[in-house]
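Please read the structure below before turning to the comments.
Just so we're on the same page: letters track the sequence lines, and every chain starts at 1.
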Amino acid sequence: MEEISDLIKIRRAKVQEFRDLGVNPYINRFKVSEFIGKLLETFSEETKEDLEEKNLQYTLAGRILSRRKHGKTTFCNIKDGTGLIQVYIKKNDIGEEAYDLFSKYDIGDFMGVTGKLSKTKTGELTLFAKETTLLSKSLLPLPEKWHGLKDVELRYRQRYVDLIVNPDVKQVFVYRSKIIQALREFLTDRDYLEVETPMMQSIPGGATAKPFKTHHNALNMDLYLRVAPELYLKRLVVGGIERVFEINRNFRNEGISTEHNPEFTMLEFYTAYVDYHYLMDLTEELFRYIGTKVFGTLKFPYTYVENGEEKEGTLDFEPAFKRIPFKESLTEIGNIPADTVNDPQKAVAYALEHKVPLEKKDSPAKVMGKLFDHFVEPNLVQPVFIIDYPLELSPLSKKKEDDPSLVERFELFVARKEIANAYTELNDPIDQKERFEEQVSQRDSGDEEAHWMDNDFIRALEYGMPPTAGEGIGIDRLAMLFTNSQSIRDVILFPQLKKES
RNA sequence: GGGCCGUUAGCUCAACUGGCAGAGCAACUGACUCUUAAUCAGUAGGUUGAAGGUUCGAUUCCUUCACGGCUCACCA
């Protein structure tokens with residue numbers, strides 16, 4: 001039925017051969033005396049003579065990644081989770097029978113090896129084997145050693161293979177993990193409490209986005225996967241958890257691109273008694289903390305494409321991040337005439353003239369948003385806070401005291417991407433209710449992304465929420481930024497793909 | 001969802017204007033006791049993503065579909 005290539009048939013036959021010889025090809029345990037990385041770290045600089053004198057015996061284990069056979073001797077490289085080391089197997093040293101058995105191992109198999117650590121005449125740290133053990137047999141051939149696995153579809157679908165043969169891949173995910181760890185440290189050191197709030201919500205709130213819908217059978221109730229934790233975290237601020245954060249998944253039923261995966265990881269944190277200015281300072285500090293702690297630098301390479309050419313730049317988190325009001329950014333960075341920005345009709349005309357796609361139902365504020373996306377965002381390379389957004393684009397933010405058409409909100413842009421979004425939280429329950437009502441009417445007129453009415457959230461605010469500022473940071477994009485990754489799929493281990501055909 | 005590009009051996013890639021589908025690595029057989037993209041000699045490996053169509057003849061041209069990449073729209 002199933003077509004099996006000769007390569008696999010041969011390997012399956014080998015498994016049987018080992019069994020026939022009384023060798024279990026999948027043994028239960030194997031005691032390792034040291035990890036490879038540790039040996040590389042400790043002994044790479046030592047001379048061959050010193051190593052010989054110390055007569056160091058080790059038992060290592062790892063996956064065979066390459067092999068160079070020379071008749072009665074073989075060099076191979078084995079890799080464990082910590083590093084890759086060369087092993088030298090000589091017939092005279094391990095015996096004829098053992099050598100014949102070893103010769104049946106394939107690239108991709110896990111083997112254990114005991115022997116003396118020394119160096120070859122070329123100076124490479126090498127374990128000179130006295131004994132080898134088959135730990136686990138591999139049935140599928142690994143991709144080519146030189147080119148690795150390049151087919152991006154296979155890399156994402158079979159990430160396990162990608163991780164085996166493309167060493168840089170693991171490093172990206174190590175960095176991702178360390179970045180998240182640094183975020184946690186940074187916040188917990190400042191007395192923020194990490195919490196987990198519902199991912200399944202009956203009213204999906206906290207962001208303008210289309211949710212995924214699911215159904216709970218026992219409760220006979222439709223539920224939505226959350227688009228943001230925001231409204232629950234604010235309920236906690238109401239309840240007295242005045243410094244709170246959550247790092248977890250959000251789900252949005254929208255397009256997939258190099259910057260969007262349907263499930264993505266967000267940090268959201270809330271701080272009572274402060275405003276968005278405080279958060280800007282804290283955000284700058286946070287970026288420098290990650291840079292220093294994880295990478296030991298505040299300057300990062302940045303690859304981008306301009307006019308079809310790949311170019312290299314540098315992102316610098318050292319200088320103070322610029323803070324530019326939204327409206328000013330349109331004129332100063334977007335080079336849109338001031339009278340156009342101030343006149344909704346002219347703005348629409350300007351947008352159409354420059355082929356910015358508008359929809360008929362777009363309000364003046366939405367037109368501004370689109371002008372921003374089109375003319376300003378592509379120019380925001382070094383870290384910059386865009387501040388003071390139009391009220392209508394921000395249904396959960398607090399109005400500015402001196403200009404109620406604007407809200408106290410900022411978004412942080414780096415490398416032409418939106419990385420963070422923050423604002424002084426709206427805590428006036430009556431104002432909040434009116435804004436929800438406005439969103440509901442937009443929803444009724446066909447805007448599937450508009451916010452829902454959340455009466456329990458209003459009730460929480462009615463009990464009183466202290467003045468609070470909150471911020472969300474997209475972790476995937478943050479990881480892209482720090483690892484200079486061109487696609488969000490390169491920082492997500494298993495990105496969403498269609499079913500394999 | 002739209003546009004452009006791609007899918008050939010396990011992997012990385014060739015095959016001119018439609019004319020016998022090829023190489024390197026991996027595999028297999030053999031030689032080789034310090035190699036490292038080991039080397040040398042030989043062998044095998046293919047429904048060219050799928051289904052139709054045009055043609056004497058299709059990897060190549062056309063149509064539809066599947067999957068992927070980039071990009072636009074939407075969005076963080």
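- Nucleic acid contact for A:T258: sugar-phosphate only, since backbone atoms but no base atoms lie under 4.0 Å from a heavy atom of the residue.
- Stacking between A:F264 and B:rA76 is shown: the ring centroid lies under 5.5 Å from the centre of the six-membered base ring, and the planes differ by under 30°.
- A:R249 pairs by the salt bridge (charged side-chain N to carboxylate O under 4.0 Å, His left out) definition with A:E263, not counting sequence neighbours.
- Evaluation of the side-chain contact (heavy atoms from CB on, under 4.5 Å) rule for A:E144 yields A:W146, A:H147 as partners, not counting sequence neighbours.
- No engagement by A:G474 is indicated, since no non-hydrogen atom pair under 4.0 Å with the nucleic acid exists.
- For A:E254, the salt bridge (charged side-chain N to carboxylate O under 4.0 Å, His left out) test picks out no residue, with sequence neighbours left out.
- With sequence neighbours excluded, no residue forms a salt bridge (charged side-chain N to carboxylate O under 4.0 Å, His left out) with A:E438.
- Remark: A:P364 engages A:P344 in a side-chain contact (heavy atoms from CB on, under 4.5 Å) (not counting sequence neighbours).
- Aromatic ring centres of A:F410 and A:F326 lie farther apart than the 6.0 Å criterion allows.
- Remark: A:Y105 engages A:F102 in a ring-ring contact (aromatic ring centres under 6.0 Å, His included) (not counting sequence neighbours).
- Within 4.0 Å of A:E124, counting heavy atoms only, lies at least one base atom of the nucleic acid.
- As judged by a 4.0 angstrom heavy-atom cut-off over every strand, A:D93 is placed among residues making no nucleic acid contact.
- Residues that satisfy the side chain to side chain donor-acceptor pair (under 3.5 Å) test with A:Y175, not counting sequence neighbours, are absent from this structure.
- Nucleic acid contact class of A:K150 (heavy atoms, under 4.0 Å, all strands): sugar-phosphate only.
- A:T208 comes within contact range of the sugar-phosphate backbone alone, with a heavy-atom separation under 4.0 Å but no base atom that close.
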Classify every nucleotide of nucleotides 26-33 of chain B by which part a protein heavy atom approaches to under 4.0 Å, writing B for the base, S for the sugar-phosphate alone and - for neither, in 5'-to-3' order. SSS---BB
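- Judged as a side-chain contact (heavy atoms from CB on, under 4.5 Å), and not counting sequence neighbours, the contacts of A:D444 are A:V440.
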The dot-bracket string of RNA chain B, counting Watson-Crick and G-U wobble pairs with both distances under 3.5 Å, using [ ] for crossing pairs and | for pairs to another strand, is (((((((..((((.....[..)))).(((((.......))))).....(((((..]....))))))))))))....
Listing time: all N or O pairs from protein to nucleotides 3-6 of chain B that are below 3.5 Å?
none

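- At a threshold of 4.0 angstrom between heavy atoms, the contacts of A:E449 are confined to the sugar-phosphate backbone, with no base atom among them.
- Sequence neighbours left out, the pairs with a member in residues 369-379 of chain A that pass salt bridge (Lys or Arg N to Asp or Glu O under 4.0 Å) are A:D362-A:K370.
- Residue contacts for A:R155: at a heavy-atom cut-off of 4.0 Å it reaches no nucleic acid atom on any strand shown.
- Nucleic acid contact class of A:K370 (heavy atoms, under 4.0 Å, all strands): sugar-phosphate only.
- A:R226 and A:N250 are linked by a side-chain donor-acceptor pair at a separation below 3.5 angstrom, with hydrogens and angles left out of the test.
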